[in-house]
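Note: hydrogens, waters and symmetry copies are ignored here, and every other heavy atom, side chains too, is used.
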Amino acid sequence: MSVSEQLAVVNEKIRASCQKSGRDEKDVTIIAVTKYVSIERAREAVAAGITDFGENRLEGAMEKYEALGDHVNWHFIGSLQSRKVKDLLHAYRIIHSLDRKSLAKEIQKRSEDGMITDCFIQLNVSGEESKAGIRADELPGFLDMLQHYPAVRVIGLMTMAPYTDDPEEVRPYFQKLRELRDETAAKKLPHAPCTELSMGMSNDYHIAVEEGATYIRLGSSLVGSQ
């Protein structure tokens, strides 16, 4: 299927999930995860009207950025090594995987005067050892620490749910992340407005939308793989 055809299917599922949960579908941003597709396929996604793209490896991230430039919004969605921040920061202004002090420190170090990077704190709400992210009970202290790094702005929380054949099984994890987001937003922290939720992938995004996702990260169900 073409990206346009895939996008139509995705948009219909988002619409249905929003109707079910009483949400406005305009509040859901689709991130096309292009790590497994060519630049040509990424260009097709741009032509289909997709404005947000996500990469999780520095090499692929910069290759796509150099090809497509600032015509789209760039999200870094994978684990980010501190030593690679300097090569990425000028292009990718939204990072979905902030999970340690050393990364925040490096963003601060590499930021020019007045530069702010919007970040999602990555949480491991499922408790899987294979998943990155801080634990829920570590969130308050982590937020407190981040106030000392003014180049970092926490716009939301992110998680990766376990892969399962039954997407309903991951609903509790999305509910938990939404609760943590709401608790954080209620604190009205200047450095952490925390209004967004980055959760949901190709297998379970319709559940994530029902539970409040504002950013969903779609690869195979949208641009496929090559």
Tell me the closest heavy-atom pair linking [X] and [Y], and the distance in Å.
X: L222; Y: R41; result: O-NH2, 4.4 Å
X: R15; Y: E12; result: NH1-OE1, 2.7 Å
X: G200; Y: D204; result: CA-OD1, 3.4 Å
X: T34; Y: A42; result: CG2-CB, 4.3 Å
X: N203; Y: P167; result: O-CG, 3.4 Å
X: A136; Y: L123; result: CA-CD2, 3.8 Å

What I'd like to find out is whether the side chain of [X] reaches to under 4.5 Å of the side chain of [Y], using heavy atoms alone.
X: C119; Y: I94; result: no
X: Q6; Y: L218; result: no
X: S111; Y: L89; result: yes
X: T51; Y: I30; result: no
X: V28; Y: R23; result: yes
X: I121; Y: I134; result: yes
X: L157; Y: S198; result: no
X: N124; Y: T159; result: no

With no hydrogens and no angle check, do the side chains of E196 and T214 hold a donor and an acceptor under 3.5 Å apart? yes
ask   = Looking just at side-chain N and O atoms, do S102 and R100 make a donor-acceptor pair shorter than 3.5 Å?
value = yes
Hydrophobic clusters here meaning ILVMFWY residues chained together by side-chain heavy-atom distances under 4.5 Å, can you tell me if [X] and [Y] are in one?
X: M145; Y: L189; answer: yes
X: M201; Y: I95; answer: no
X: L98; Y: L177; answer: yes
X: F142; Y: I155; answer: no
X: M158; Y: V152; answer: no

Quick note, salt bridge (charged side-chain N to carboxylate O under 4.0 Å, His left out) partners involving residues 160-169, not counting sequence neighbours, are E168-R171
Contacts satisfying salt bridge (charged side-chain N to carboxylate O under 4.0 Å, His left out) that involve residues 112-123 (not counting sequence neighbours) are D118-R153
Sorted by chain and residue number, the salt bridge (charged side-chain N to carboxylate O under 4.0 Å, His left out) partners of R43 (sequence neighbours excluded) come out as none
| query | Has K105 got more than 12 heavy atoms of other residues, nucleotides or ligands less than 6.0 Å from its NZ? | reply | no
Taking atom NZ of K176 as the centre, report whether more than 12 heavy atoms of other residues, nucleotides or ligands fall under 6.0 Å from it. no
Is it the case that the side chain of [X] and the backbone of [Y] share a donor-acceptor pair, with hydrogens and angles ignored and the cut-off at 3.5 Å?
X: E25; Y: C18; result: no
X: Q19; Y: A16; result: no
X: W74; Y: G69; result: yes
X: Y36; Y: G219; result: no

How long is the straight-line distance from [atom2] of [Y] back to [atom1] of [X], given to the nearest 0.5 Å?
X: S221; Y: K13; atom1: OG; atom2: NZ; value: 7.5 Å
X: Q122; Y: M199; atom1: CD; atom2: CE; value: 14.0 Å
X: E59; Y: M62; atom1: CD; atom2: CE; value: 10.5 Å
X: M160; Y: K131; atom1: CE; atom2: NZ; value: 6.0 Å
X: I107; Y: S82; atom1: CD1; atom2: OG; value: 8.5 Å
X: R57; Y: E55; atom1: CZ; atom2: CD; value: 7.0 Å

Apart from Y163 itself, its cluster of hydrophobic side chains linked below 4.5 Å comprises none
Connected to I77, directly or through other members, by ILVMFWY side-chain contacts below 4.5 Å are V33
Salt bridge check: are [X] and [Y] linked by an N-O gap of less than 4.0 Å?
X: E211; Y: R178; answer: yes
X: E106; Y: R110; answer: yes
X: D24; Y: K26; answer: no

Result for side chain to side chain contact (heavy atoms under 4.5 Å, CB included) between F53 and one of I31, N73, V46, V223 points to V46
Residue pairs passing the ring-ring contact (aromatic ring centres under 6.0 Å, His included) test with at least one member in residues 174-216, sequence neighbours excluded, are H75-Y215, F120-Y215
- Query: Checking side-chain contact (heavy atoms from CB on, under 4.5 Å) for the pair M115/R93: CA distance, chi angles, key distance, verdict?
  - Reply: CA-CA 10 Å; M115 180 178 175; R93 299 299 295 275; 3.4 Å; yes
- Candidate pair M1 and V9, rule side-chain contact (heavy atoms from CB on, under 4.5 Å), full reasoning: CA-CA 11 Å; M1 293 176 68; V9 173; 4.2 Å; yes
Report task. Would you check, one step at a time, whether the test side-chain contact (heavy atoms from CB on, under 4.5 Å) holds for H90 with Y65? Result -> CA-CA 10 Å; H90 71 284; Y65 175 78; 4.3 Å; yes
What do the steps show when you test S202 against S220 for side-chain contact (heavy atoms from CB on, under 4.5 Å), and what is the final call? CA-CA 6 Å; S202 289; S220 59; 3.4 Å; yes
